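Written below as structure tokens is the structure these notes are about.
This is a predicted model, so every value here is computed, not measured. Computed from heavy atoms alone, side chains included, the values below leave out hydrogens, waters and symmetry copies.
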There are 2 protein chains.
Amino acid sequence: MTSMVTGQETNGQARPSRSRGRPRSFDRATALEKALAAFWRHGYEATSVSDLTRIMGIGAPSLYAAFGDKRTLFEEVVRVYTGGHGAFADRALAEEPSARAAVERTLREAAVRYTDPEHPQGCLIAHAATNCTSPEVERLLRERRDASLAALDARIRADVAAGLLPAGTDAAALARHATAVLHGMSQQARDGAARADLEALAEIAMAIWPRT
Amino acid sequence: MTSMVTGQETNGQARPSRSRGRPRSFDRATALEKALAAFWRHGYEATSVSDLTRIMGIGAPSLYAAFGDKRTLFEEVVRVYTGGHGAFADRALAEEPSARAAVERTLREAAVRYTDPEHPQGCLIAHAATNCTSPEVERLLRERRDASLAALDARIRADVAAGLLPAGTDAAALARHATAVLHGMSQQARDGAARADLEALAEIAMAIWPRT
DNA sequence: GTTTTAATGTAGCGATCGCTAGAGAACGAC
DNA sequence: GTCGTTCTCTAGCGATCGCTACATTAAAAC
């Protein structure tokens, strides 16, 4: 567990299975999870490096040696989030038989996930780079949002082409609506909305879909 | 703050027609508008005092003498925004004959306002205190969002009581949906959505309302 | 004119920001 | 053991943060 992937992420280059020098005194994956939680709750800029070192339980030089600079660490955190807590929407889109079913599942699941007290509320991709001084970091998350919107849009168009949705369906508007509701749910979760509040919102939001 | 008895201006109250000392070399309202634009675009924390002094065209001591500290300036900016660019939702709620009409007008107007190139995109109340280190500032905007949601909720309940909406209507869910769509529109506007995109979204979002 | 009052420009306060140099500590290789 | 390598700790870099002391300037009051 300790030296499973040690250091490969840092510069991409493979290291010998047994590293030579002094071994790392902390678990890299665990520290990364702590950083994820911090960035998730407070966003990129509001989480200082000294916050991170305190929360991750390591010194600043260890952080920089293991993760590069703050921005590189954030990018890795975003990858971890996207592959973990944030993967449910992509999963629904991949597994459900229709765009409608995928959106319904996504919204219902978001109501649960966004209010889960086990981790910060809402969506990291939606919030963590808001009001961010660094254009690169802001772009990183904006591109992810754009990609999600485009994927949903494409899926809805495919359903229209396949006859799963009426011919006149405004795919772009449907996709934007689902995305807007999702972001709105994230905001409301951060503002303290309860799971049941968001579940009712998710249910009512599905009413805009044409009956198939 | 010692000799800040001039703080009368802070709350908009008139000063003695002629003040005694050296007159202010800038227009207070104009400077406030510049500060509004900066906070609106970059948020509370990402807008530094040195950003503000540069944009407002005044020195730091002048800023502190005229507006108090950064947080007090932001609070005044929020009041200006709430009474100006951000007043359209309250206005719709006050002027339209039904909650449904008010929401429809609000969403349509938001599509135009949130994408207006004359000022920053989206809604200041929704974004300016996201990822904010100061709990007071974050609370300031969150309470405004809560109040808007509560006002809409109350209005929908009133319409249900008046028979304008079916008896079984889930007022809370309807209010949360409209709020979520509004916040989602604000996010999408900031991400570069065009006015027509948000207008189509606004139109489709109204489909969840029960036919009267 | 002098005095009083208030706004201005300069210059810099202590604190924090992201980040790193340098010395010591813990390992494998020999 | 010694050597080379790598991580950790202390300490602090330059830059920026929000904010202010101080001297100066421009007006009304006298």
Please work out if [X] contacts a base, only the sugar-phosphate, or nothing of the nucleic acid, heavy-atom cut-off 4.0 Å.
{"X": "B/T133", "result": "nothing"}
{"X": "B/T47", "result": "sugar-phosphate"}
{"X": "B/P61", "result": "base"}

Of the listed nucleotides (D/dC19, C/dT4, C/dA29), which one gets closest to any side-chain atom of B/A60?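 Selected nucleotide (nearest to the side chain): D/dC19.
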Tell me, please, whether A/F26 has A/R24 positioned over its six-membered ring: NZ or CZ under 6.0 Å from the ring centre and within 45 degrees of its axis?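 Yes, A/R24 sits over the ring of A/F26.
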Measure from NZ or CZ of A/K70 to the centre of the six-membered ring of A/Y44, then state whether that distance is under 6.0 Å and the direction lies within 45° of the axis.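 Relative to the ring axis of A/Y44, which defines the angle, A/K70 lies inside both limits.
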Do the rings of B/H177 and A/H177 sit parallel, tilted or perpendicular, given the 30° and 60° boundaries?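 Taking A/H177 first and then B/H177, their aromatic rings sit tilted (interplane angle of 30° to 60°).
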Return the value, rounded to whole Å, for the distance between atom [atom1] of [X] and atom [atom2] of [N].
{"X": "A/F26", "N": "D/dT6", "atom1": "CZ", "atom2": "C1'", "result": "12 Å"}
{"X": "B/L63", "N": "D/dC17", "atom1": "CG", "atom2": "C1'", "result": "14 Å"}
{"X": "B/M56", "N": "D/dG18", "atom1": "CE", "atom2": "P", "result": "13 Å"}

Is the phosphate of [N], meaning OP1 or OP2, less than 4.0 Å from a side-chain N or O of [X]?
{"X": "B/S62", "N": "C/dA7", "value": "no"}
{"X": "A/S50", "N": "C/dT16", "value": "no"}
{"X": "B/Y64", "N": "D/dC19", "value": "yes"}

For B/R71 and B/G21, find the nucleotide of DNA chain D closest to each by heavy atoms; which residue's nucleotide sits nearer the 5' end?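 On the 5' side of the pair lies B/R71.
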Can you work out whether B/R22 or B/V49 has the more 5'-proximal nearest nucleotide on DNA chain D?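 So the residue in question is B/V49.
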